[in-house]
2 protein chains.
Amino acid sequence: MSKTIEEICQLLAEKDYKLTPQRRIIMETFLEHGERHLSAEDIYSLVKSKHPEIGMATVYRTLDLLADLGVLQKMNFGDGRSRYEFSEQDEHHHHHLICLSCGEVLEFADDLLDSLEKAIAEATQFKITDHQLKFYGYCKKCQ
Amino acid sequence: MSKTIEEICQLLAEKDYKLTPQRRIIMETFLEHGERHLSAEDIYSLVKSKHPEIGMATVYRTLDLLADLGVLQKMNFGDGRSRYEFSEQDEHHHHHLICLSCGEVLEFADDLLDSLEKAIAEATQFKITDHQLKFYGYCKKCQ
DNA sequence: TTTCATGCAAAGGTTTTGCATACGC
DNA sequence: GCGTATGCAAAACCTTTGCATGAAA
């Protein structure tokens, strides 16, 4: 499960960030549409429909902030813009299958990589905080 | 091993692409600096120092072409620009460890994912052509 | 000679920044 | 009230495109 809005607000407060209406609106929008991999533009459109006064720059700044706090994860699926999704640190990771033809992104649950991660950390002396696995190919429709 | 320049030229010929001096120069530059994960700008600078008449657009077009031919692989390490490296299809995959502090990129060989890939292909009906695994963390120096 | 590739500059798209104003704490 | 956040517009980037010229096959 992703965090609740109260948990996120608490994270903000802990780091002395202000809880502004804009930040709350953006967080709520994310919680309502969390299933998708939203771009900044997606968020901006969703938010703008109900709160036209909000600015694009605020969306970008808020997404950056939430990514820094570890609430969101910034991803790149190769379509020229960043996309964001809730990071689910305590849970098992999920990975992405990206269709090279239609761009569809499927999710795939898996935690096989944990042991691999440990082995790599030991071998390279890296302190690994996260990993990201993407499969590229063609979905059933596009083959 | 990555392909030799002759093999790449042959690929071009097979698909009726012309072998221009610019394309040759860019391929040679890549072969000379193949160990790194070069951006278009990196290639442009390297190429420009010996052949100042070459244009940025040609670099982009050639990199795209080589990626289409399967010679290069376009990657994204989250620094706002695409990076390219030789794709080594016949060999075992290698993956990347990216330091979130200094941006260093380490490579890590592994082929544990082949069986996972098969299982996922079966479960999702995707025809998987490639995968990409990235670990994020902090390198020895930055911890 | 025909067709494709190049170079340049301009356009496109995404993200960041400067600055005056507004607002949370 | 202090200091941070916002909105707007401009700027900064990376990448793509249009078009006349030039070169490969």
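To find a chain, count down the sequence lines: A is the first, B the second, and so on, and within it residues start at 1. FYI, side chains are in, hydrogens and waters are out, and symmetry mates aren't considered; it's all heavy atoms of this structure.
Rounded to whole Å, the distance from CG on Asp79(A) to P on dT15(D) is 14 Å. dC14(D) atom P lies 9 Å from atom CE of Met56(B), rounded to whole Å. Counting to the nearest Å, the P atom of dG18(C) and the CZ atom of Arg61(A) are 11 Å from each other. One interatomic measurement links the two molecules: CG of Leu19(B) to P of dA23(D), which rounds to 15 Å at whole-angstrom precision. Counting to the nearest Å, the C1' atom of dT6(C) and the CG atom of Asp64(B) are 15 Å from each other. Remark: C1' of dG7(D) and NE2 of His51(A) are 16 Å apart, rounded to the nearest angstrom. Between Leu65(B) atom CG and dA24(D) atom C1' there is a gap of 15 Å when expressed in whole angstrom units. Residue Tyr17(A) contributes atom OH, which lies 16 Å from atom C1' of dT6(D) at whole-angstrom precision.
Comparing Glu53(B) and Tyr84(A) along DNA chain C, the residue whose closest nucleotide (by nearest heavy atom) sits nearer the 5' end is Glu53(B). For the pair Tyr44(B) and Lys18(B), nearest-nucleotide mapping onto DNA chain C gives the more 5' position to Lys18(B). Across the interface with DNA chain D, nearest-nucleotide mapping of Arg81(B) and Gly55(A) shows Gly55(A) to be the residue nearer the 5′ end. Looking at which nucleotide of DNA chain D each of Ala57(A) and Gly80(B) is closest to, the 5′-most match is held by Ala57(A).
Contact annotation for Ser39(B): no contact, since no heavy-atom pair falls under 4.0 Å across all strands.
The aromatic ring centres of Phe77(A) and His37(A) sit less than 6.0 Å apart.
No hydrogens or angles considered: a donor-acceptor pair under 3.5 Å links the side chains of His96(A) and Glu85(A).
Between Ser82(A) and dT15(C) there is a side-chain polar atom (N or O) within less than 4.0 angstrom of OP1 or OP2. OP1 or OP2 of dT15(C) has at least one side-chain nitrogen or oxygen of Tyr60(A) nearer than 4.0 Å. For dG7(C), the OP1/OP2 oxygens have a side-chain nitrogen or oxygen of Gln22(B) closer than 4.0 Å. One finds no side-chain N or O of Thr20(B) lying less than 4.0 angstrom from the OP1 or OP2 phosphate oxygen of dA23(D).
Evaluation of atom-type donor-acceptor distances gives no pair under 3.5 Å for the side chain of Arg23(A) against the base of dG24(C).
Between His131(B) and His95(B), the ring-plane angle classifies as tilted under the 30° and 60° cut-offs.
The backbone N or O of Lys74(B) sits nowhere less than 3.5 Å from a side-chain atom of Arg83(B) that would complete a donor-acceptor pair.
Counting heavy-atom neighbours within 6.0 Å of Gln10(A) CD, excluding the residue itself, gives a total of 12 or less.
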